[in-house]
Amino acid sequence: MKQKKTVRNQARKDSPGGKTAIKSEKKTEGNSFFSWLLVLAFLGAWLSVGVMWFDLVDYNSVVGLTEKPVMVASPENPLGEKDSLPGENREFTTEESRTANQISPESPPATQPVPTSVSTPESITETTEFTEEPSVESKEEKEAKKKKPKLLNKFDKTIKSEINAAEKLRKKGKIEESLRAFEALVQKFPQSPRCRYGKAQAEDDLAEKKRSNEMLLKAVNSYREVAELPDVPPDLVKATLKRCADRQQFLGRTKGSLATLEKLVQIFPEDISLKNDLGVAHLLLGDNKGAKRIYEEVLARAPHDGFAKVHYGFILKSENMIAESIPYLREGLETGEPGTDDGRFYFHLGDALQRTGDKSAYDWYEAGHRRGHFASVWQRSLYNVPGLRARPWWTAEETGYTALVKMLERNWLTIRDEALSVLDSNSGQFLPEDENLRETGDWGQFTLWQQGRKVAASCRYVPKTCGLLERYTEATSCKRGQIKFSVMQAGTHVWPHTGPTNCRLRMHLGLVIPSKGCRIRCTNQTREWEEGKVLIFDDSFEHEVWQEAESFRLIFIVDVWHPELTQLQRQTLSPI
């Protein structure tokens, strides 16, 4: 109302005879001539208001880029520790599934994707600012205006009022009505890029509202169609293809997203941010070599680009170039540029520093904790449910899983003998640890359950062990853990590290334990295994292992859900 009043008063002053009419009200109220002028002035003012009211949005004026809230999808094929984005079909699911697309600190760095959150292409939000009177613009304001995307071509400017009406419905949340309006406009003006872009945005919004992959695929196709039309403003091409790539990535169509980003880079070769996004797309495909090439090109042109530095440092660390990765990760984080303030980069920088013996690692862990990425300096898991009881060591009574613990300890000889039969058979069932956690030595694992799924081929070798575990769903349904045998040869040292999530606890049943030389540290407490006994700890806290005995050490690892998780959480949390 205040805006209308301002416009009305200004129009009244500026209209023909307006000032005279105002004076006449004070001096010659009875004069009919001035009364008529007053009527005309009011009429002119309301006509001005009417024009402003129905021509609400100037689509050449954009106040900023805002990312839409994105629900991360969970594919039908559960996500693995080594492949965070498998498959081509994704579905809208709960907010907790957001963790599915993030890097697992426990996963092999060479195959870890970089989080999509650091490089998600953004959608454009448009608005209009009404000004009461012309003002002198500052240099900064002029520069900002120059940078605002231009989304209308010459033809679209002639139908701006029709576009505005459809867009107004979308902004008010009347998405179905907006989509129908834009579909009608596309039918009427098939060569209009802005109409088709509005249709794509409405489909995008409706897909999120209805949690529909089918509708989202329509939006992707509509975005693609926009860029293929003639006479599309460059800013609209960029906005459209960036959003298209983002939605393709969400759907698990990572190769399609990569192709779209490659097209963007070809069209806008000077845009460093697009090359950075392209590098992320390569990483999401597990193509570290391609990503490395992209970030080398970026750093050659922009040597201080923080986003490129942290990602390049991450790639170097994945190649086990630990010392070389440190300056890139550190300098990239120090820039504070968008996309650098992410827990994974603090995690990997600290880890690299620890492996080189640099005590400043804990300064970076502390910085990550202050930034809210880690629960504490010790507990550095990244995929967490807030509020769960956090302590490094647990007793069976504290977990509530006393029946499981008693069963394991009562049957430890049966479990041990089956494990030894596999170990002695040279069948190749014990696979080398491949998560780059060892400084020295030999460490093999034989997995029976992975991400809550039974590995039937493995259970054929140890049927009694698997049969004993079947009824303990706190372990067999734990989608964020494993059940496996672990054999560690003499001379093995496992670097300090943390697991990926606070949603599980880890049980170690001692099977073959040398009398001296085997120990595990969790935070600042060090313990030793005993044959036939279960140790329980939270592996989201930093832990480290030494095997300095003269013979091998064999244990049985059973991950269980954190006891404070609800049944609904256990069902809906994404696998890790």
Side-chain angles (χ1 to χ4, degrees), residues 78-81 106 393-425 427-431 433 443-488 499-513 520 529-540 553-567 569-571 573-576:
L79 301 173
E81 289 183 83
E106 220 177 37
W393 293 98
W394 291 65
T395 67
E397 291 72 24
E398 287 169 337
T399 67
Y401 300 137
T402 53
L404 172 60
V405 172
K406 288 178 180 178
M407 182 278 290
L408 292 171
E409 292 183 342
R410 186 169 58 248
N411 294 279
W412 78 277
L413 287 172
T414 299
I415 297 169
R416 182 200 65 182
D417 290 346
E418 284 199 324
L420 287 174
S421 68
V422 177
L423 190 62
D424 294 341
S425 68
S427 63
Q429 294 301 313
F430 276 83
L431 302 177
E433 178 274 326
W443 179 14
Q445 301 179 33
F446 176 41
T447 302
L448 308 182
W449 267 267
Q450 177 78 16
Q451 298 177 338
R453 289 189 173 185
K454 183 178 179 179
V455 183
S458 297
C459 282
R460 282 198 291 269
Y461 289 91
V462 288
K464 294 178 183 177
T465 300
C466 290
L468 289 168
L469 286 163
E470 290 285 2
R471 66 187 183 91
Y472 296 95
T473 57
E474 62 266 34
T476 58
S477 72
C478 184
K479 293 182 290 184
R480 295 197 163 190
Q482 304 100 33
I483 299 174
K484 59 189 178 183
F485 293 103
S486 170
V487 63
M488 191 173 287
T501 178
N502 73 340
C503 295
R504 73 186 187 203
L505 301 179
R506 178 155 283 187
M507 296 183 178
H508 280 189
L509 173 65
L511 299 178
V512 177
I513 309 297
I520 178 171
W529 296 273
E530 294 180 49
E531 291 183 355
K533 298 296 180 182
V534 170
L535 283 178
I536 308 173
F537 67 103
D538 183 338
D539 77 324
S540 65
R553 181 226 67 181
L554 178 65
I555 63 173
F556 188 43
I557 298 175
V558 179
D559 290 336
V560 293
W561 285 116
H562 191 290
E564 293 180 357
L565 287 172
T566 67
Q567 192 59 39
Q569 287 172 320
R570 298 180 190 197
Q571 291 171 356
L573 282 169
S574 59
I576 291 179

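Counting only distance, with no hydrogens or angles, the side chain of Glu418 and the backbone of Thr465 share a donor-acceptor pair below 3.5 Å.
In this structure, His508 and Phe537 have perpendicular ring planes: the angle between them is above 60°, well past the 30° mark.
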**Request:** Kindly indicate, with the supporting measurements, whether the criterion side-chain contact (heavy atoms from CB on, under 4.5 Å) is fulfilled by Gln482 and Asp559.
**Result:** CA-CA 6 Å; Gln482 304 100 33; Asp559 290 336; 3.8 Å; yes
**Asked** Can you list the steps and then say if Leu509 with Trp529 is a side-chain contact (heavy atoms from CB on, under 4.5 Å)?
**Response** CA-CA 8 Å; Leu509 173 65; Trp529 296 273; over 6 Å; no
**Message:** Trp449 vs Cys459, test: side-chain contact (heavy atoms from CB on, under 4.5 Å). Steps then yes/no.
**Reply:** CA-CA 9 Å; Trp449 267 267; Cys459 282; 4.2 Å; yes
**Item:** Test log, rule side-chain contact (heavy atoms from CB on, under 4.5 Å), inputs Leu448 and Phe556
**Value:** CA-CA 10 Å; Leu448 308 182; Phe556 188 43; 3.9 Å; yes
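Listed by first then second residue, pairs satisfying side-chain hydrogen bond (donor to acceptor under 3.5 Å, both in side chains) with a partner in residues 404-417 number zero, not counting sequence neighbours. Among residues at least two apart or in separate chains, salt bridge (charged side-chain N to carboxylate O under 4.0 Å, His left out) pairs with a member in residues 460-476 are Lys454-Glu470.
For Trp394, there are no side-chain hydrogen bond (donor to acceptor under 3.5 Å, both in side chains) partners two or more places apart in sequence or in a different chain. Applying the side-chain hydrogen bond (donor to acceptor under 3.5 Å, both in side chains) criterion to Arg553, with sequence neighbours excluded, gives Ser486. For Thr402, the side-chain contact (heavy atoms from CB on, under 4.5 Å) partners are Ala396, Glu397, not counting sequence neighbours. Legend: residues meeting side-chain hydrogen bond (donor to acceptor under 3.5 Å, both in side chains) with Tyr461, ordered by chain and number and at least two apart, are Gln429.
A pairwise comparison of heavy atoms in Leu573 and Arg480 identifies CD2-NH2, 3.9 Å as the closest pair. In this structure, Ile483 and Leu469 approach most closely via the heavy-atom pair CG2-CD1, 3.7 Å. For the residue pair Ile557 and Arg506, the shortest heavy atom distance occurs at CG2-NE, 3.6 Å. The shortest non-hydrogen separation linking Ala419 to Val462 is N-CG1, 4.3 Å. Among all heavy-atom pairs drawn from Pro500 and Ile576, the shortest one is CG-CG2, 3.6 Å. A pairwise comparison of heavy atoms in Tyr401 and Trp561 identifies OH-O, 2.9 Å as the closest pair.
Taken to the nearest 0.5 Å, the CG atom of Leu554 stands 11.5 Å off from the CZ atom of Phe446. Rounded to the nearest 0.5 Å, atoms NZ (Lys479) and CZ (Arg453) are 10.0 Å apart.
No side-chain heavy atom of His562 sits under 4.5 Å from any side-chain heavy atom of Asn502. Contact check for Thr447 versus Ser458: no side-chain heavy atoms found under the 4.5 Å cut-off. Looking at Ile555 and Leu535, their side chains never come closer than 4.5 Å, going by heavy atoms from C-beta outward. By the 4.5 Å heavy-atom criterion applied to side chains, Gln445 and Leu431 are not counted as neighbours. By the 4.5 Å heavy-atom criterion applied to side chains, Gln571 and Ser477 are not counted as neighbours. By the 4.5 Å heavy-atom criterion applied to side chains, Thr399 and Val560 are not counted as neighbours.
The one candidate from Leu423, Leu511, Val422 that meets the side chain to side chain contact (heavy atoms under 4.5 Å, CB included) condition with Phe485 is Leu511.
Enclosure of atom CD in Glu564 by more than 12 non-hydrogen atoms of other residues, nucleotides or ligands within 6.0 angstrom is indicated.
A salt bridge links Asp539 with Arg504: the closest approach of a Lys/Arg side-chain nitrogen to an acidic carboxylate oxygen falls below 4.0 angstrom.
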